[in-house]
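Working notes, structure below.
Numbered from 1 within each chain, the chains take letters A, B, ... in sequence-line order.
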Protein chains: 2
Amino acid sequence: MTDRTGRRNVPDTHRRSESRYGNRPTMKDVAARAGVGLKTVSRVVNGEPGVTPETERRVQEAIDALGFRRNDSARVLRKGRTASIGLVLEDLADPFYGPLSRAVEEVARAHGALLINGSSAEDPEREQELVLALCARRVDGLVVIPAGDDHRYLEPELKAGVATVFVDRPAGQIDADVVLSDNYGGARDGVAHLIAHGHRRIGFIGDMPRIHTAAERLRGYRAAMEDAGIAVADAWMSLGVTDPERVRRAAREMLSGPDPVTAIFTGNNRVTVTVIRVLAEQTRPVALVGFDDIELADLLQPGVTVVAQDSAALGRTAAERLFRQLDGTLPRPERIELPTRLVTRGSGELPPAD
Amino acid sequence: MTDRTGRRNVPDTHRRSESRYGNRPTMKDVAARAGVGLKTVSRVVNGEPGVTPETERRVQEAIDALGFRRNDSARVLRKGRTASIGLVLEDLADPFYGPLSRAVEEVARAHGALLINGSSAEDPEREQELVLALCARRVDGLVVIPAGDDHRYLEPELKAGVATVFVDRPAGQIDADVVLSDNYGGARDGVAHLIAHGHRRIGFIGDMPRIHTAAERLRGYRAAMEDAGIAVADAWMSLGVTDPERVRRAAREMLSGPDPVTAIFTGNNRVTVTVIRVLAEQTRPVALVGFDDIELADLLQPGVTVVAQDSAALGRTAAERLFRQLDGTLPRPERIELPTRLVTRGSGELPPAD
């Protein structure tokens, strides 16, 4: 069957052939079907007195027949309380954020709040769009892994009472709660570990330098090299997108030429995974320490030495601070730094090949 | 400074020491501050005519001073359109769902919709609670990875026009769109591959049998064994939670005793990761084929042979069907099955050790 517009027009109890947007029944529809006023429907829906049993029965029948559902958003607006928090991630598919998201959700759940979740895909404009969309949907609070470095757009929301905690990376241009890993200290320790095993020509491959964590880890690398009196050659440092093609090229360049690096420090788990593959092609052993732990790192030959962050603790700490803000028991914004942990497994303890 | 209740009471421009719930300014607050009626504020906020420039300026000043933000939920209710879809996952931290979530989000974004996301933690009650909470927040549609097997609770929502697609696992007791991997066929192929390499005593370690994917993969294992005329011993099959301790015990039991298995087929990525660790402790080689691909599987010794699902394609297909439902261009529910792919890397090609 095809209707005049050329669309197939198949009868179906569940579907309508026209768009479904805006097809949900309203209180007005219920009132019309039951032959009563809107106020009567509202009384029945909200369990208020002043309705005869017979009328209540008619309204209830209309509610059932139409599949009407009281709109909690509207009800909640009247109370000014939505019991939901938003989480703005950078990438839904990065395994680093899995335990962090789960920890935020568990804390939200313990407080009876729903978690609403979305990703910025490392785009500051998309971050702002998502954050404001969540605020417009009246989330009580936000946990944000920021992509941008200017969060003044959030000031009206903060003034209006939206609790906000930044995690993994700090807020820019505003005073806000921040929960971070010790990116600088962790990277410095990891690079110092390579130096302690005899390396001097050590490469650094990291994420884009405008990302706070990438910049801090580079700073840690430079500090460890300086502490050891090693002058860093420009060719040893490569920062950019964590796309495997870019990282592969960077690693191969550092490993070729007359003075190749003998060890590499990788700036995050996405970079580490690609560099492991490049090192597997090499004929001589190259030492590796990676920032972030990765699954199965201990089963590779050699096991991969890492500077591990506690992703779940970051999420839990941020979410707990958010609910303390909402309870009014946090006097002022703080910056909390969680320690990292060096996990030695073999790759970071290899001596220089030359 | 400590107030009478013993709480620290520190003045701060961003925070209030009392609870923040319900502290957001309303149109009424704006009207009071500007000294105008509610209708006038509404006209300014919605860009309607009938307001003098002087009054508009006063209202705008009040809006700015109070940090008032028009409530999109309320506005959207009037239009009956929220432009958001919900995604109900089983576990935010399982890497299998990362590419699936990202794919759903990309499709939502291409349709101008926000993705709202939450997890059931494999609890049917929690699934229902989350789904209905999302419906009450008037999502236009839902992509659900179900934990439960009875979805009749969704019937009023479906009738009311909420588009719904189930993914990874089918809906129970209702007629709905479903996008699945070929779990049965994939498992049968994987086990047949082990049989082709000379194995007869093959173990199966999977997830809880009430989970559709686990049951289907077990059915595939049984079919491949039956095709080869091999009678399956009860001791070769272990189904239960994917907790590492449970899986480790199951694998060790199958590998001990007078007639140990010479190969293991693992029912999902969580099980595979633990079994790889158990096999690394063994003195004799044991063949392994795992359902789901895992990161770095190719770099282990031996590389891990897997039956790979296309997690991103599952998410993309489900989300695209959801928006076709919303556009009214899908005549009726369908069940779509995506193929799996056997990826041979070494572990599945080991001959029996005895």
**Report entry** B:R126/A:E105 under salt bridge (Lys or Arg N to Asp or Glu O under 4.0 Å): CA gap, chis, key distance, verdict
**Finding:** CA-CA 13 Å; B:R126 190 158 157 182; A:E105 186 177 53; 3.8 Å; yes

Got [X] and [Y] here, is their nearest side-chain heavy-atom distance under 4.5 Å?
X	Y	value
A:L134	B:L114	yes
A:N117	B:I116	no
B:E295	A:L296	no

Query - Closest approach of B:A93 to A:P99 (non-hydrogen atoms, all atoms of both residues) - result: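 Where B:A93 meets A:P99 most closely, the heavy atoms are CB-N, 4.0 Å.
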
Report summary line: Among A:G118, A:A312, A:S119, the residue with the most heavy-atom pairs under 4.5 Å to chain B is A:S119

Query raised in the report: When heavy-atom pairs shorter than 4.5 Å are enumerated against chain B, which of A:L87, A:D91, A:I294 gives the highest number?
Result: A:D91

Query raised in the report: Quick check: are there more than 12 heavy atoms from other residues, nucleotides or ligands sitting under 6.0 Å from CD of A:E125?
Result: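 Not more than 12 within 6.0 Å, no.
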
Query raised in the report: Where does A:R277 contact chain B at under 4.5 Å (heavy atoms): side chain, backbone, both or neither?
Result: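 When you check distances to chain B, atoms from both the backbone and side chain of A:R277 fall under 4.5 Å.
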
**Report entry** Rounded distance (nearest 0.5 Å) linking atom CG of B:L100 with atom CG of A:L92
**Finding:**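 Here the rounded value is 10.5 Å.
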
